[in-house]
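Here the structure comes first, spelled out in structure tokens, and everything after it is commentary.
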Amino acid sequence: MLSIKNLHASVEDKEILKGLNLEVKAGEVHAIMGPNGAGKSSLASVLAGRENYEVTEGTVTLDGKDILELAPEDRAREGVFLAFQYPIEIPGVSNINFLKTAMNEIRTYRGEAPLTAKEFLQRSREKQELVEFDAKLVNRSLNEGFSGGEKKRNEIFQLAMLEPKLAILDETDSGLDIDALRIVSRGVNKLRGGNNAFILITHYQRLLDYIVPDFVHVLADGKIIKTGGKELALELEEKGYDWLTKN
Amino acid sequence: MMTKQLESPLFESLASQYDMLILQNQDSTKTYRTEAMEAFRKLGFPSVKNEEWRFTNILPVVKTNYELPATTTVDAEQINKAQELISNTYSKLFAEDEVYRLVLINGVFVTSLSRLPEQQGVHLCEIKEATEQAAFQEHFGKILNIKDNAFAALNSAMYQDGVFISVEQNVIVEKPIHIIKVILAEQAMMQQSRDLFVVGKSAALNVVESYLTDIAQPVFLNAAAEVVLAENATFNHYDIQKSDANLRIIQRTEAAQKKHSNYSNYTFTLPGASFVRNNLALHLNDDEVQSHLYGLYLTADSQLVDNHTEVHHKMPRGESNQLYKGIVMDKSKAVFNGKIFVYEDAQKTNAFQQSNNVLFSEQATVNAKPQLEIFADDVKCSHGTTIGQLNKEALFYLKSRGIGETQAKQLMVKAFAFDVAEKIQIPALRSYVEGLIETEMESR
Ligand SMILES: Nc1ncnc2c1ncn2[C@@H]1O[C@H](COP(=O)(O)OP(=O)(O)OP(=O)(O)O)[C@@H](O)[C@H]1O
Ligand SMILES: [Mg+2]
């Protein structure tokens, strides 16, 4: 599925990712943890194609395809999805129209016919239920005036609608109350399958009680410095990162 | 003084045409025309040294050699052409029974293409036929400020065509009147039209103006309109400026409002006309008057679109609400200048003004300036001006969901224009305008 080799990337001439390696196979869930400012969101941004990041070295392929060559929209169409740490508000763009446009552009790219209004509505209802996303929010302007938790839930609603191959969740659990966390996790667990993969960026091992990862990685100073199973998260919770970075 | 004026051969040809015109003039407008010509001679064509024209150089407009037809006639071929243009362009805008329609070719009424209201109490005719009407005699020439406005003065001295609409008290004109200004010309030509709209006590009127052109050479339209709202009258006035690069428009619309009246002006300019200067002046002459000014300009190529507004709060408890939004693309240039005057007697005035602009290219420019002069102490006034780029973060968000660059920009532009477009109260017109915005964005 996803293969990252020796990835170096900088923003405004400052090197943030410094030779990062990561292999994610279909069906797997990977958690990435690490101190503030380590480069976790930067990795997500580079994968999604944010323009101010410059890749200076290394490769990223998705099912063998070089995605660094692609525009952000084409990466999305190839199946990359980023649930943002800070989803932006876009007044005047209706949530549902936006999703319909996104969905149909992705389908067109893949040579599929656009969904009929009825099909779209049905799917939207189904997924709203799955992530318990308030129907009133669906028709509002994109994230405008949403609470922090509502924004995060909207990200997961979009994820459910678009069914990407590779979903990267950047601190989706931060700012969620315990019920919301359970709902979002249940959504993700339902969406988990043999053909897709998840990267969960998080600071809290609590999330990993709900979504059990296959691997836990520690990202520090632009590199993956340790990889383990789900028990690594518990160890990190207890000991912090110092024991890993100090040597 | 002289440096504030432009030298142009057009000035001379207009002056000599005026002399002929005034010799032939038989109606009651003669004195007014003479005064207006005097004012025009004094003012001359404004140069960029004139504060009101600082960002808008009219030299390219006035240096063309225009034909100045003494009389305008319309032939069968032109009528066919107009009919074709109308059905090609507006078939999707209004259903037949949704609106009244008034078609003008080069300023001349074409009854065969029009569908006029037959309602009691609605008077509609060519302005030159209106001189005996009471509403004309009472209001014509009383509202427009020709003292300080060269083009309005010129128009007042020399206009030949135009529309007169008067609605008697308590008459609600059932459907909007769509005024289609067809301009057909093979030669460079200058046209001056003059309109007068009088909406009586507790009467209501909706007017949509738009342009259709088939012109191979520059056409300069110098238009002026006077608007009168009696007590408790309502007038929604739409101007959809979408036309041809050969068209140059300078126009002044000036409205006088009585107690409890409500005037809403919608000036929407789209890519097309290479030069547009809109002057909109509202006089809130009475207690508790409401005025709305909504503007949207989507400019492209090397268009220059300039909106100058004046809101004169003269009496207490008036409310004015002004929202102008611009999307400025390519090498185009937009100017917004919004003046609000609150006179000494206009206590408890509420005046609001907002101008937001998005620069869509590196070569596009915007000059936006609010100007407030307040002489009353108990008033609420607010204004804001923004000039910026499309939000990059928002664009990235949309793209990261699979939406392509063009579509993403289109969504954002529509979102930006949304709060002005949504003010349009005729649903068919609103979706037509939104469609125009979409089409323009798609082709870029
Ligand atoms: N546009 C930018 N210009 C300069 N520096 C930047 C920019 N964006 C990110 N950085 C820097 O890159 C580093 C990594 O930031 P990043 O957001 O990837 O960290 P993170 O691991 O996600 O942290 P957190 O856990 O706080 O979310 C930080 O030092 C940050 O200040
Ligand atoms: Mg982060």
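Every chain is numbered from 1, with letters handed out A, B, ... down the list of sequences. Excluded from the calculations below are hydrogen atoms, water molecules and symmetry mates; all remaining heavy atoms, backbone and side chain alike, are included.
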Revision key, fill the gap. Only residue of Y238(B), F235(B), Y297(B) satisfying ring-ring contact (aromatic ring centres under 6.0 Å, His included) with Y266(B) is Y238(B)

Practice item. For residues H178(B) and F94(B), establish whether the separation of their ring centroids is below 6.0 Å. Key: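 Yes, ring centres under 6.0 Å apart.
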
Check your understanding: Can we call the ring centroids of H308(B) and F336(B) under 6.0 Å apart?
Key ->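 Here the rings of F336(B) and H308(B) have centres that are no less than 6.0 Å from each other.
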
Exercise for review: Can you tell me which residue pairs pass the salt bridge (charged side-chain N to carboxylate O under 4.0 Å, His left out) test with a partner in residues 293-307 of chain B, sequence neighbours excluded?
Suggested key: R277(B)-D306(B)

Which atoms of [X] are under 4.5 Å from chain B, going by heavy atoms: the side chain, the backbone, both sets, or neither?
{"X": "P87(A)", "value": "both"}
{"X": "E78(A)", "value": "neither"}
{"X": "R75(A)", "value": "neither"}
{"X": "L162(A)", "value": "side chain"}

Check your understanding: Are there residues of residues 390-407 of chain B that reach to under 4.5 Å of chain A by heavy atoms, and which ones?
Key ->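 When heavy atoms of chain A are the reference, residues 390-407 of chain B contributes N391(B), E393(B), A394(B), F396(B), Y397(B), L398(B), K399(B), S400(B), R401(B), G402(B), I403(B), G404(B), E405(B), Q407(B) within the under-4.5 Å range.
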
Review point. Using non-hydrogen atoms and a limit below 4.5 Å, what part of residues 324-335 of chain B faces chain A?
Key: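 Within residues 324-335 of chain B, no residue comes under 4.5 Å of chain A, counting heavy atoms only.
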
Check your understanding: Looking at N104(A), N97(A), V80(A), V93(A), which makes the most heavy-atom pairs under 4.5 Å with chain B?
Key ->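 Answer, by heavy-atom pair count under 4.5 Å with chain B: V93(A).
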
**Study point:** Interface residues of residues 116-148 of chain A facing chain B - non-hydrogen atoms under 4.5 Å apart
**Key:**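 Answer by number: L142(A), N143(A).
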
Point to revise | Polar side chain donor-acceptor pair, K5(A) to S3(A), under 3.5 angstrom | key: yes

Practice item. Go through the side-chain N and O atoms of Q354(B) and H383(B) and say whether any donor and acceptor fall under 3.5 Å apart. Key: no

Check your understanding: Roughly how far, to the nearest 0.5 Å, is CE of M103(A) from CD of E105(A)?
Key -> 13.0 Å

